[in-house]
Amino acid sequence: MIIEVLSILISLGLLMFFAYRGYPVIVFAPIFTLLAVVLSGISLLPSYTETFMTNAANYVKSFFPIFLLGAIFGKVMELSGAASSIAHTIVKALGSNRAILAVVLACSILTYGGVSLFVVAFAVYPFAAAIFREANIPKRLIPGTIALGAFTYTMDALPGTPQIQNIIPTTYFGTDAYAAPVVGTIGAIMVFIGGMVWLERRRKQAVAAGEGYGEGHTNEPELIKTESYMNIWVAILPLALVLVGNYLFSRGIWTVETWYDPGILKESFKIEKVKNVVSSWALIISLCVGIIAALLINVKQVKNKLASGLTAAAMGSLLAIFNTASEVGFGNVVKTLPGFKLIQGWIMGASDHPLVSEALAVNVLAGVTGSASGGMSIALEVMGKQYLEMANAAGISPELLHRIASMSSGGMDTLPHNGAVITLLAITGLTHRQSYKDIFAITVLKTAVVFILAFAVSIF
């Protein structure tokens, strides 16, 4: 049994190491999956073709439209100038005296409006650099500031966020994007306040030490002319349409749950519970509306770059979903191995409360894979049904399972090998040694908040 457990841990360790070194997960996830299979003495080819590939394909089938449309929406917002306008307006309104708050809010609005985390980093960085330079705040604090605004509460805590981390649990628990709004909002406030306290403390320490913005930085953005920005109310229109549409189509007066006859859906499309697909359908429609609006608000600027922009968005979404699907395939093979039963027992045995156990499982797997969506998908694929059964038996709402799972995915996922972290540092021209301390502090804070909420709910 020890060897069988080690086979899983070795494979996970190698996957994490190679991801940290920049090797593609889509290539190495199946390799290390098969390594675990061989070390466990299980049939090799059936595990690959029937378990790994089947589950990876099912994940693509369920979530590819959201990945693709989300990437297109973010790219069109970028090309139209809407994303830049929103970021610039917030930074200008708050001024350099509140530089950190301005950048956090700019990231938050864009992320909550449905813009991809990567696009947010690209859109906000030029303004963050400009205002940090003006306020003489060390540039090394920019990644942590962007991470707080884009990688935390707006990604998975605030109810209604259209980010994929808030949509994945709907498939497993029959919930929607607005699940457990009170718990999510409380968690978001805690993370926001804690993160701001940390970043402001770091700023004051730098001031006391006489440290300024710094010189000789790489990837310094060019100065952007302010007269080129569109009207802010026009810029936020596509975001507003996505948010309002997502609510109306998922649980509002136009909910897609009532659009089709349940009998026909079950007989012709094998959809047993319409609730399990309502959130995906609602977000697909809302993103389409948002994309059209983002195109129309600045047709002249977008049309010449649309072909290349759509190609870039499509390629980015393909890479993102196949990386995640490979991790899901990895997890589904691992759960069939003898050693996993012991690991599962350790995680499940850590707490007899489903919320606490779920928070632990999702955090551990998100940390190991370096992916919020990948780690959560693995955890819920493997143990989602058990958590739901435990919650039903304890009288706990599936909405709480949804919110804790979603928030947990954005906890330890941002370890050094996380793709978003590596990309953010590359965009800002900084290194792990210079800036990762602040990102890690936000990571620890977010993880602590999730467990505080899970324990609090378990007590009451």
Side-chain angles (χ1 to χ4, degrees), residues 20 84 86-111 117-118 120-154 189-226 229 412 414-418 420-449:
Y20 179 82
S84 297
I86 293 169
H88 169 74
T89 301
I90 294 172
V91 170
K92 183 179 178 181
L94 292 176
S96 59
N97 292 332
R98 296 185 178 87
I100 292 176
L101 176 62
V103 174
V104 169
L105 291 180
C107 292
S108 298
I109 290 174
L110 290 170
T111 309
L117 308 179
F118 297 97
V120 170
F122 276 108
V124 173
Y125 169 56
F127 307 101
I131 197 171
F132 271 51
R133 188 186 300 111
E134 181 182 345
N136 205 28
I137 299 173
K139 182 183 179 181
R140 61 183 173 80
L141 297 181
I142 291 179
T145 304
I146 293 177
L148 175 61
F151 297 177
T152 58
Y153 56 93
T154 52
I189 293 171
M190 292 171 66
V191 173
F192 172 76
I193 293 175
M196 286 300 302
V197 168
W198 170 267
L199 291 171
E200 286 294 339
R201 175 174 169 271
R202 295 278 286 163
R203 180 187 66 81
K204 291 177 182 177
Q205 288 176 341
V207 171
E211 181 184 359
Y213 182 78
E215 301 292 337
H217 295 301
T218 59
N219 288 12
E220 282 294 280
E222 297 179 7
L223 296 176
I224 302 175
K225 297 179 181 179
T226 56
Y229 300 117
M412 297 305 293
T414 44
L415 291 177
H417 60 291
N418 173 263
V421 170
I422 293 171
T423 301
L424 175 58
L425 292 174
I427 291 170
T428 56
L430 295 163
T431 65
H432 280 79
R433 179 174 295 181
Q434 290 173 301
S435 297
Y436 185 71
K437 179 179 179 179
D438 299 301
I439 298 175
F440 183 68
I442 302 298
T443 298
V444 172
L445 169 67
K446 177 72 185 303
T447 304
V449 167

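Keep in mind it's a predicted model, so treat the numbers as computed, not measured.
In plain terms, the two heavy atoms of Thr111 and Gly149 that are nearest each other are OG1-O, 4.0 Å. Closest heavy-atom contact between Lys139 and Leu430: O-CD1, 3.5 Å. Ile100 and Met196 get closest at one heavy-atom pair: CG2-CE, 3.9 Å. Contact between Gly194 and Leu445 at its shortest, heavy atoms only, is C-CD2, 3.4 Å. Shown here for Leu424 and Phe151, the closest heavy-atom pair between the two residues is CD2-CE1, 4.0 Å. Here the shortest heavy-atom pairing between Val104 and Tyr153 reads CG1-OH, 3.4 Å.
Here Ile142 contributes atom CD1 and Leu199 contributes atom CG; the two are 11.5 Å apart, rounded to the nearest 0.5 Å. The distance from atom CD of Gln205 to atom CZ of Arg202, rounded to the nearest 0.5 Å, is 6.0 Å. Taken to the nearest 0.5 Å, the CG atom of Asn136 stands 10.5 Å off from the CD atom of Glu134. Atom CD1 of Ile442 and atom CD1 of Ile146 lie 12.5 Å apart (nearest 0.5 Å). Distance check, rounded to the nearest 0.5 Å: OG1 of Thr145 to CG of Leu105 gives 11.5 Å. Atom CZ of residue Arg433 and atom CZ of residue Arg140 lie 14.0 Å apart, to the nearest 0.5 angstrom.
A heavy-atom distance below 4.5 Å is not found between the side chains of Thr428 and Ser435. When side chains are defined from C-beta on, Leu148 does not count as touching Trp198, because their heavy atoms never get closer than 4.5 Å. Residues Val421 and His432 meet the side-chain proximity criterion, which asks for heavy atoms closer than 4.5 Å.
The closest side-chain donor-acceptor pair between Thr154 and Ser108, if any, does not fall under 3.5 angstrom.
Ring orientation note: the planes of Phe440 and Tyr436 are tilted relative to one another, at an angle of 30° to 60°.
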